[in-house]
Structure formats: C-alpha cells, structure tokens
Amino acid sequence: MNMEAIKAEFQSELNVVEDAKQLSSFWTKFLGKEGQIQGLMSGIKNVPKEEKKAYGQAVNEVKTWAQSLYDAKKEEIDKKAMMARYEEETVDVTLPAKHTAAGNLHPLTSIRNEIINIFAGMGFEVFEGPEIEDDDHNFTRLNVLKDHPSRDMQDTFWLTEDLLLRTHTSPGQIRVMDAKNPPIKVLVPGKVFRSDSDATHSPMFSQMEGLVVDEHITLCDLQGMLDQFVKAMFSGNVKTRLRPSYFPFTEPSVEVDVSCFKCGGCGCSLCKGTGWIEVLGGGIVNNKVLENCGVDSTKYSGLAFGIGMERIAMLKYGINHMGKLFENDIEFLKQFKA
Ligand code: PHE
C-alpha cells in the first residue's frame, strides 16, 4: 500500500475511534511493531538506492504526523474518560452524614475511674491482685480464722481445698504489705465472688479496697478521706457518719453512711426514710494483720476500707437492680453516655 493510501486510511479510522479500547487496536494496526507505518519503514529495502534517502525522509514525516495525531486523540480520549469518572464519582456534600455510633464507658468503668481519680488526688496508687487467691491471703492472714462464718460453703466459691475465688479485695492489703514498707497508700480495685444472688447481690461484683499504713494513722484520717470521697462522688453537701461494725481484719470496724443526697437527709425512698445511706465498710487495720505482714504495729498503724462499686453506681445513677450492670443491654448502657 502506498503512503498516501495509508495516510488516508489512518486519518479516516482515527476519526471514528471513540474509546481507549478502540484506540489501542488502532495503535496496533498503524503504529505498532507490525503496523502499517512500520511496514512502510521496512519497505525501504525494495526502494532503489538513489531514492532511499528521500523515501526514508518521507516515511519519517508520515510517522511524526501520525504520532502527533495519535497523541492528540489519546489526550482527548483520556480526558473524556476522566470527565466520565468525575461525573460518576460525584459526592453530594449536602447529603446528611451517616451516623456512626461512638461507644461509651460502662457505668462501672466510669465509677471505677472516678473513684481512682478522687483518691489519686489524695496521693493513692493503684495495685491489682489475682482473682484466684489462697486461703492464707483471702482469710487467714486477714485474721479470718478457720471457723469464721464468712468461710462458709454458701459464701465462698472454693476451687480446691486451698484455692478460691477471692471473696473481697482485702487480700490486696496483704499483698501490698508483703511487697512494700510503710508509708503505704494504695487502692486495690477488682472483681470479687460470692455465692449470692438477688436484686442487690450478684455472684460476681466489684470492690475498691483502700489501705493506708503510716505512723499515727487514726479513725479521723479514715473519716476525713471518706468525707472527701463522698463529697466528690455524690454532692458537696453530703456528710458521713461512722457506725460501729465488725470485720476480723479491722479493729475498730465501722460502717460508713452518707447523708442522703436525694432528700438532703429528711427521709425518702432512697434512704428508706432514715436520711442516711450505707456506702462502705472500713476501720483501723487490726494489729494482728499488720504483724502477719511483718509491719511493726508499735510504730505503724493503718486504715482500710472496702467500697462496693456496683452499690455506688446504683446509688449514683438510680439503678434498682444490680443485674442491669451485667446484662450488657445496649439500650440500658447507652443512657450513660458522658
Ligand atoms: N472486705 C470487706 C468486705 O468485703 C470490706 C472491708 C474492707 C472492711 C476493708 C474493712 C476494711 O465486706
């Protein structure tokens, strides 16, 4: 085929190329290694010697011409494809955003964080002990002797003759005193286990133990700290009162009541008409417990308290059934979004 015919065909076929696929076969037909223009190049061997130069030049011109037309077409097609994509991927910025629900902390986690924050402000550190304890840490060294009723089969989940699921966070006291010397000021948060279940009891619940051991620690320090705690936790207007109680590991032992933050102390359903709500137990660390941990009880004294975290959460948020805190009912939990 002669040059003019190829040019004419090139031109007319290029005119009808519409997309990248057609352009690619067009390229193969004319500009590819085995294409017609390359064919013209190879045709030089049949041209008489004296015409070779002119022929070569002419083919080169065709090649440059073809390439530039091809490039222009390619640019046009690329641009068309890009515009089509822009069209297709258009984002309507006026559409309302998709709602992604952010999670929130479980109320017990919030309470735990809040208690830690309050006591951290008074210089307490956090220590965590194991949930599986032995008799020694959970009972004996806390002065809970062999025949004490709290060891009863009904309360304690025994795993072996010696191992059990801790029934309180108080074994943390022993572990901390074993690990460090006074002055001590720690919180021990954690899960505890007792064979007990009703509206206000669950076989698993959480406590926050507090322990302070130093020189001259008295019941006044305990009440002062707990006063600060309930004011920060419930309301600036509440007061605490201590009532005598009994725990084998504290002497004297107290129950701590807070004046009702709902009715201000006049009596309502929350405080069952008494004006006071029981919030925790505590006392002065029994000398026997200090001695069991090698702490010199003639030099040091200690205070300890145990806060039931579910109880605090129930009081603070007005929850009437402890089970609600463990059911993972998403509708219930959503209400605690901070
Ligand atoms: N361990 C006690 C309980 O579980 C609470 C407590 C802790 C009492 C520390 C006194 C001192 O009931």
Side-chain angles (χ1 to χ4, degrees), residues 112 115-116 119 124 126-131 133-145 148-152 154-157 164-177 184-197 200-214 217-226 229-230 240-258 277-290 292-293 295 297 300-312 314 322:
R112 175 189 155 122
I115 300 176
I116 290 175
F119 283 103
F124 281 72
V126 174
F127 169 90
E128 287 185 64
E131 288 172 5
E133 272 294 4
D134 54 26
D135 181 295
D136 224 37
H137 288 87
N138 196 81
F139 293 129
T140 309
R141 288 170 73 197
L142 282 165
N143 195 39
V144 184
L145 301 175
H148 194 274
S150 68
R151 289 181 173 223
D152 202 304
Q154 281 163 14
D155 287 325
T156 306
F157 290 113
L164 49 91
L165 295 179
R166 67 177 172 197
T167 58
H168 50 181
T169 44
S170 301
Q173 295 186 29
I174 305 293
R175 291 189 178 273
V176 169
M177 285 191 275
I184 288 171
K185 221 173 186 185
V186 291
L187 289 178
V188 187
K191 294 191 180 99
V192 301
F193 307 85
R194 284 181 208 174
S195 180
D196 210 350
S197 187
T200 52
H201 296 89
S202 144
M204 186 223 41
F205 58 106
S206 352
Q207 289 187 332
M208 180 76 76
E209 193 84 7
L211 174 71
V212 178
V213 184
D214 204 344
I217 294 295
T218 70
L219 218 47
C220 291
D221 297 301
L222 178 70
Q223 187 163 20
M225 284 176 184
L226 295 178
F229 164 65
V230 295
T240 52
R241 84 174 174 187
L242 306 184
R243 276 182 297 111
S245 183
Y246 174 78
F247 299 103
F249 31 92
T250 46
E251 180 56 40
S253 300
V254 293
E255 296 286 352
V256 182
D257 292 345
V258 53
I277 301 170
E278 185 188 323
V279 282
L280 56 101
I284 291 299
V285 180
N286 194 317
N287 281 345
K288 286 192 193 142
V289 176
L290 295 179
N292 287 343
C293 298
V295 174
S297 64
Y300 294 108
S301 54
L303 64 84
F305 54 86
I307 305 173
M309 294 203 256
E310 286 78 6
R311 180 154 172 78
I312 301 290
M314 288 168 80
M322 198 191 270

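Just so you know, ligand 1 is whichever comes first in the structure, and atom 1 is the first atom listed for that ligand.
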**Student:** When you look at I284 and T250, which way does the side-chain contact (heavy atoms from CB on, under 4.5 Å) test go after all the steps?
**Tutor:** CA-CA 5 Å; I284 291 299; T250 46; 5.8 Å; no

**Student:** Taking only heavy atoms of G306 into account, list the atoms of ligand 1 that are under 4.0 Å away from them.
**Tutor:**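 In order of number, 6 (C), 7 (C), 9 (C).
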
**Student:** What about H168: any of its N or O atoms under 3.5 Å from an N or O on ligand 1?
**Tutor:**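 N/O-N/O distance below 3.5 Å exists for this pair.
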
**Student:** Indicate, as side chain, backbone, both or neither, the part of F249 found under 4.0 angstrom from ligand 1 when only non-hydrogen atoms are considered.
**Tutor:**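 Contact part for F249 vs ligand 1: side chain (C-beta onward).
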
**Student:** Can you find a pair of side-chain heavy atoms, one from M225 and one from K185, that are under 4.5 Å apart?
**Tutor:**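 SC-SC contact between M225 and K185 confirmed.
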
**Student:** Of all the atoms in ligand 1, which lie at a distance below 4.0 Å from a heavy atom belonging to Q207?
**Tutor:**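 Heavy-atom distances to Q207 below 4.0 Å select 3 (C), 4 (O).
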
**Student:** Any nitrogen or oxygen of Q173, main chain or side chain, under 3.5 Å from a nitrogen or oxygen of ligand 1?
**Tutor:**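 No; every N/O pair is 3.5 Å or more apart.
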
**Student:** Take E131 and L165, measure what side-chain contact (heavy atoms from CB on, under 4.5 Å) needs, and give me the verdict at the end.
**Tutor:** CA-CA 6 Å; E131 288 172 5; L165 295 179; 5.5 Å; no

**Student:** Salt bridge or not between E278 and R311? Use side-chain N to carboxylate O under 4.0 Å.
**Tutor:**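 Not counted as a salt bridge, because no side-chain N and carboxylate O are separated by less than 4.0 Å.
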
**Student:** Could you tell me, atom by atom, which parts of ligand 1 come under 4.0 Å of a heavy atom of S170?
**Tutor:**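 Atoms satisfying the 4.0 Å criterion: 1 (N), 7 (C).
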
**Student:** First locate atom CD1 of I184, then atom SG of C293, and finally report the distance between them rounded to the nearest 0.5 Å.
**Tutor:**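 So the gap between those two atoms works out to 8.5 Å.
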
**Student:** Determine the sole option in K191, R112, R175 for which the salt bridge (charged side-chain N to carboxylate O under 4.0 Å, His left out) test with E128 is passed.
**Tutor:**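 One option only clears the test, and that one is R112.
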
**Student:** To the nearest 0.5 angstrom, please state how far the CZ atom of F139 sits from the CG atom of L164.
**Tutor:**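 Output value for this atom pair is 5.5 Å.
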
**Student:** Of all the heavy atoms in R194, does at least one lie under 4.0 Å from an atom in ligand 1?
**Tutor:**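 R194 counts as a contact of ligand 1 under the 4.0 Å cut-off.
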
**Student:** Heavy atoms only, cut-off 4.0 Å: how does M208 contact ligand 1, side chain, backbone, both, or neither?
**Tutor:**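 The answer is neither; M208 stays 4.0 Å or more away.
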
**Student:** Look at atom 9 (C) of ligand 1 and say which protein heavy atom is nearest, naming residue and atom and giving the distance to 0.1 Å.
**Tutor:**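 Protein heavy atom at minimum distance: E209 OE2, 3.2 Å.
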
**Student:** Under 4.0 Å from any heavy atom of F305, which atoms of ligand 1 are there?
**Tutor:**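 Every atom of ligand 1 under 4.0 Å from some heavy atom of F305: 7 (C), 9 (C), 11 (C).
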
**Student:** Ignoring hydrogens and angles, tell me if any N or O in the side chain of R166 forms a donor-acceptor pair with the backbone of G129 under 3.5 Å.
**Tutor:**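 Checked: pair present.
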
**Student:** Which option wins on minimum heavy-atom distance to atom 11 (C) of ligand 1: G210, G172, A304, G308?
**Tutor:**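 Nearest option to atom 11 (C) of ligand 1, by heavy atoms: A304.
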
